[in-house]
There are 2 protein chains.
Amino acid sequence: MTTRRDITERNDRALLQAARDVLAEDGAHASVAAVAARAGVGIGSLYRRYRTKEELFQRLSLMSLDHWNEAAEQGLADPDPWAGLATFVRRCVEFGQGTLAPIAGAIEVTREMSDKARHGDELLDELVRRAREAGALRADVTTVDISLLIEQLGRFPAADQLRKQGRDDLLPGAAEARRRLIAIALDGLRAGHAPLPGSPPDNELFTGRWSNP
Amino acid sequence: MTTRRDITERNDRALLQAARDVLAEDGAHASVAAVAARAGVGIGSLYRRYRTKEELFQRLSLMSLDHWNEAAEQGLADPDPWAGLATFVRRCVEFGQGTLAPIAGAIEVTREMSDKARHGDELLDELVRRAREAGALRADVTTVDISLLIEQLGRFPAADQLRKQGRDDLLPGAAEARRRLIAIALDGLRAGHAPLPGSPPDNELFTGRWSNP
DNA sequence: CTATGCCGGAGCGATTCGCTCCGCAACTGG
DNA sequence: CCAGTTGCGGAGCGAATCGCTCCGGCATAG
């Protein structure tokens with residue numbers, strides 16, 4: 001039997017998932033109506049759970065940061081430094097971490113968010129350091145390079161977006177196609193290639209990543 | 001001396017460049033007002049040159065297709081198959097080819113566009129075939145993989161977008177950061193890596209890529 | 001069976017959209 | 001030097017969409 005409490009919880013999960021998907025398709029201009037519709041939920045229910053659109057997106061950002069940190073810790077738990085880094089990258093891309101970047105400037109950044117972001121930066125630093133010292137990671141690859149790769153590959157268009165673009169050929173294997181891109185990028189990160197062009201930025205990594213203008 | 005005709009031509013160029021930049025930042029929801037403002041041109045001038053918003057975007061798509069084909073022919077002219085493919089990828093990403101994908105479903109596809117797209121597919125086929133036969137390209141990489149890489153890396157956020165995201169650390173070297181990602185991806189495409197996950201799609205490449213829903 | 005409280009969605013004012021229309025300034029031919 | 005012409009910028013139109021409020025209806029708890 002499904003109690004009312006069950007419905008409320010399921011609605012909340014559906015809202016967060018829908019918000020992520022809609023953001024992936026529509027970018028920063030995503031509307032609350034679209035989120036509610038995709039979640040199969042009335043607008044009223046959305047606004048009972050979240051007082052404003054910003055509150056919903058803040059909650060989603062926190063979820064995203066939590067996922068990043070959890071994936072990083074999982075990677076660090078792997079005794080093989082390279083496998084750990086690869087797992088982290090794969091998980092972040094598949095989560096669609098990059099699709100949330102466009103709203104970073106549209107919401108107020110809470111203390112909790114910046115704290116979690118800072119912690120995430122430290123974890124990625126450690127992941128990269130381990131992989132580099134093990135000789136598995138190309139020496140001149142920075143954490144910035146990796147987070148940008150995650151961001152770009154994580155913006156892989158969702159199924160609906162692909163359909164709008166007329167790329168029906170990719171519909172059956174969109175997830176698989178993205179996995180192939182990740183594999184290509186990871187191989188490009190491995191040691192043994194020629195140096196990357198340009199000098200890696202030397203300033204503090206990720207400084208101001210969640211700062212507000 | 002600058003005649004009126006000069007001003008008109010300069011305005012047209014500015015409009016197309018502005019349209020590309022605004023699309024890169026705002027996605028498919030980009031407004032004509034934003035395009036005109038960024039081009040430093042009145043809305044009236046925009047609508048004298050292009051009768052509708054769609055006409056402007058169609059013209060931009062044609063430009064993009066021309067750039068793709070020109071870059072591909074330049075790559076084919078290179079006696080070194082791998083260098084030719086790399087040049088093609090670099091040029092397409094730096095042109096921002098991927099930023100136009102979101103509007104593909106928002107405009108009517110003319111015969112001219114689909115013809116040019118088909119020709120572009122043939123050119124890429126040939127680029128890939130050459131590189132593979134020379135043993136430079138990983139054997140199981142498909143043209144789909146490469147066009148998706150171009151699309152994803154080509155969506156690298158413009159400077160304004162980076163500023164909105166609070167990634168001020170990247171502002172001075174956004175172009176350089178993108179170049180580093182391209183280099184990583186290209187190294188991942190080179191021969192000598194383990195096979196890619198999943199089976200490459202066997203259906204006709206790019207079928208329906210510009211088709212209308 | 002009554003009472004409770006969460007559900008969905010119609011509808012509010014405000015904003016933004018694509019687009020039209022017109023006053024103004026700049027260049028041209030005489 | 002003077003009309004005449006032409007391309008310029010932007011105020012403003014109706015329509016569409018925005019974030020958000022409010023309430024009637026109904027399933028569930030007691």
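In what follows, chains carry the letters A, B, and so on, assigned in the order in which the sequence lines appear, proteins first and then strands, with residues in each chain numbered from 1. Please read all numbers here as calculations on a predicted model, not as lab measurements.
Looking at heavy-atom distances under 4.0 Å, B:Ala30 makes contact with sugar-phosphate atoms alone, never a base.
Here B:Arg129 pairs with B:Glu126, B:Glu133 under the side-chain contact (heavy atoms from CB on, under 4.5 Å) rule; sequence neighbours left out. Residues passing the side-chain contact (heavy atoms from CB on, under 4.5 Å) test with A:Glu54, sequence neighbours excluded: A:Thr52, A:Gln58, A:Ile107, A:Glu108. Under the side-chain contact (heavy atoms from CB on, under 4.5 Å) criterion, A:Ala33 pairs with A:Ser31, A:Ile43, not counting sequence neighbours.
When the options A:Arg167, A:Arg180, A:Arg178 are evaluated for a side-chain contact (heavy atoms from CB on, under 4.5 Å) with B:Leu148, the one that passes is A:Arg167.
The stretch residues 98-124 of chain A participates, sequence neighbours left out, in no ring-ring contact (aromatic ring centres under 6.0 Å, His included) pair at all. Applying the ring-ring contact (aromatic ring centres under 6.0 Å, His included) test to every pair with at least one member in residues 25-58 of chain B, sequence neighbours left out, gives these pairs: A:His29-B:His29. Evaluation of the salt bridge (charged side-chain N to carboxylate O under 4.0 Å, His left out) test over residues 28-50 of chain A, restricted to residues two or more places apart or in two chains, returns A:Asp12-A:Arg49, A:Asp21-A:Arg38, A:Glu25-A:Arg38, A:Arg38-A:Asp160.
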What side-chain donor-acceptor pairs closer than 3.5 Å can you find for residues 83-93 of chain B, not counting sequence neighbours?
{"from": "B:Thr87", "atom 1": "OG1", "to": "B:Ala83", "atom 2": "O", "distance (Å)": "2.8"}
{"from": "B:Arg91", "atom 1": "NH1", "to": "B:Gln74", "atom 2": "OE1", "distance (Å)": "2.3"}
{"from": "B:Arg91", "atom 1": "NH2", "to": "B:His67", "atom 2": "NE2", "distance (Å)": "3.3"}

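The distance from atom CD1 of B:Ile103 to atom P of C:dG18 is 13 Å, rounded to the nearest whole Å. The distance from atom CG of B:Leu46 to atom C1' of C:dC17 is 14 Å, rounded to the nearest whole Å. What separates CZ of A:Phe57 from P of D:dC18 is a distance of 12 Å, to the nearest Å. Spacing between atom CD of B:Glu9 and atom P of D:dC8 amounts to 11 Å, rounded to whole angstrom units. The separation between B:Arg10 atom CZ and C:dA26 atom C1' is 14 Å, rounded to whole Å.
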Could you list all N or O pairs between the protein and nucleotides 14-16 of chain C that sit under 3.5 Å apart?
none

For nucleotides 20-23 of chain D, which of its nitrogen or oxygen atoms have a protein nitrogen or oxygen under 3.5 Å away, and what is each distance?
{"from": "D:dC20", "atom 1": "OP2", "to": "A:Tyr47", "atom 2": "OH", "distance (Å)": "2.9"}
{"from": "D:dC20", "atom 1": "OP2", "to": "A:Lys53", "atom 2": "N", "distance (Å)": "2.8"}

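Proximity of B:Asn11 to the phosphate of D:dC8: a side-chain N or O atom is located under 4.0 Å from OP1 or OP2.
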